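As structure tokens, the structure follows; a few thoughts come after it.
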Amino acid sequence: MTTGSETFVRAADQLRLDSKVKAVVLRVESPGGSITAADAMWRSLVRLAAVKPLIVSMGDVAASGGYYVAAPGRLIFASPETITGSIGVFYGKFDLSGLYEGLGVHKELYLRGARSAVMSDVHPWSDKERATVQKNVDALYELFLERVASGRQHLSKKQVRPLAGGRVWTGNQAQSCGLVDRHGGFLEAIDTAAKLAGLDPNDIRYELKPAPSGFG
């Protein structure tokens, strides 16, 4: 099961604008994915967290892009065994030129621009192309560090850096180094969100967003 950024952003914006919604608990169960999608989700959550309590509840895995979207939470809950962190960026492509040659397949490229074939699957990266890709990865990695530091306000970007670099932590370790705030599950996160919103625990209605589809 996957989460599309457009669906996620639309749901987050609806929750932010709905006056009947007083607090939001974000359940994260993800090993990561596209940084573009994660950043779109992050932006929608920052807007939401500015007006309503946002509590994050991590499942078994909340790493890489899963941690990216968790960063705006006022508090992050995880179990001691939760796999989290993996703050890093990688990029690559398949060079299938040898396979095509073996199959007798020839692909002709019509190019416009010095690095227009950088993602082509019929040739490896040149030194210049590799340098360009590395520059982009470095920029995205610095952005990831900034996103984490902006949400984990007790950690500066300098303090986040040694916790990042793709390092993976258990929930216990993540709490010790400041990437997670408390141990607890989904119900503890809901109780905390209700308290932060000043709600009576006996007068709460829960709503799941986005609503489950017929396919999952």
Side-chain angles (χ1 to χ4, degrees), residues 3 5 8-9 11-13 15-16 21-90 137-197:
T3 301
S5 59
F8 184 98
V9 170
D13 288 343
L15 292 170
R16 173 172 55 87
V21 175
K22 303 302 181 182
V24 175
V25 175
L26 173 67
R27 179 69 170 181
V28 182
E29 184 75 65
S30 171
S34 163
I35 192 170
T36 304
D39 198 63
M41 296 177 188
W42 178 89
R43 290 174 183 274
S44 69
L45 291 171
V46 168
R47 294 193 295 267
L48 191 157
V51 296
K52 298 176 181 181
L54 173 64
I55 305 300
V56 174
S57 169
M58 292 181 166
D60 294 331
V61 179
S64 191
Y67 191 85
Y68 199 115
V69 300
R74 185 181 301 187
L75 291 171
I76 297 178
F77 283 78
S79 72
E81 299 81 19
T82 296
I83 302 301
T84 189
S86 191
I87 300 168
V89 178
F90 71 92
V137 168
D138 291 343
L140 291 173
Y141 179 56
E142 292 299 319
L143 178 65
F144 199 164
L145 297 180
E146 290 169 9
R147 296 300 195 228
V148 173
S150 68
R152 306 275 77 202
Q153 296 182 4
H154 55 280
L155 294 173
S156 66
K157 184 178 177 181
K158 183 178 180 180
Q159 291 172 312
V160 171
R161 193 176 294 278
L163 306 177
R167 295 174 178 84
V168 176
W169 310 91
T170 64
N172 264 336
Q173 294 169 325
Q175 185 184 31
S176 297
C177 64
L179 295 178
V180 164
D181 295 301
R182 300 180 187 175
H183 289 328
F186 191 45
L187 295 180
E188 288 87 351
I190 290 176
D191 288 343
T192 299
K195 291 176 182 177
L196 290 175

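Please read all numbers here as calculations on a predicted model, not as lab measurements.
Distance alone, capped at 3.5 Å, places no donor-acceptor pair between the T82 side chain and the A78 backbone. K52 places a side-chain N or O within 3.5 Å of a backbone atom of L15 that can act as its donor or acceptor partner. Side-chain atoms of E29 come within 3.5 Å of backbone N or O of V61 as a donor-acceptor pair. Using modelled atom types, one side-chain atom of Q173 and one backbone atom of T170 make a donor-acceptor pair closer than 3.5 Å. T84 places no side-chain N or O within 3.5 Å of a backbone atom of G171 that could act as its donor or acceptor partner.
When all heavy atoms are compared, the tightest approach of V180 to M58 is CG2-SD, 4.1 Å. Scanning all heavy atoms of the two residues, the minimum distance from S64 to G32 falls at CB-CA, 4.1 Å. Taking every heavy atom of both residues into account, P72 and V69 meet most closely at CD-O, 3.1 Å. Listed here is the closest heavy atom pair of A12 and L48: O-CD1, 3.5 Å.
Sequence neighbours left out, the pairs with a member in residues 143-186 that pass ring-ring contact (aromatic ring centres under 6.0 Å, His included) are Y68-F144.
K195 has no carboxylate O lying under 4.0 Å from a charged side-chain N of D191, or vice versa, which leaves the two without a salt bridge. R161 has a carboxylate O that lies under 4.0 Å from a charged side-chain N of E142, or vice versa, which qualifies the two as a salt bridge.
Remark: D181 pairs with R152 by the salt bridge (Lys or Arg N to Asp or Glu O under 4.0 Å) rule, at least two apart or across chains. By the salt bridge (Lys or Arg N to Asp or Glu O under 4.0 Å) test, R167 pairs with no residue at all, sequence neighbours left out.
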Steps toward side-chain contact (heavy atoms from CB on, under 4.5 Å) verdict (L145, K157): CA-CA 6 Å; L145 297 180; K157 184 178 177 181; 4.0 Å; yes
V9 vs R47, side-chain contact (heavy atoms from CB on, under 4.5 Å): CA-CA, chis, key distance, verdict: CA-CA 10 Å; V9 170; R47 294 193 295 267; 4.1 Å; yes
side-chain contact (heavy atoms from CB on, under 4.5 Å) evaluation trace for L163 with L155: CA-CA 10 Å; L163 306 177; L155 294 173; 4.1 Å; yes
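One distance of note links CG of L45 with CZ of R147; it measures 12.0 Å at 0.5 Å rounding. Distance check, rounded to the nearest 0.5 Å: CZ of R182 to CD1 of I55 gives 7.5 Å.
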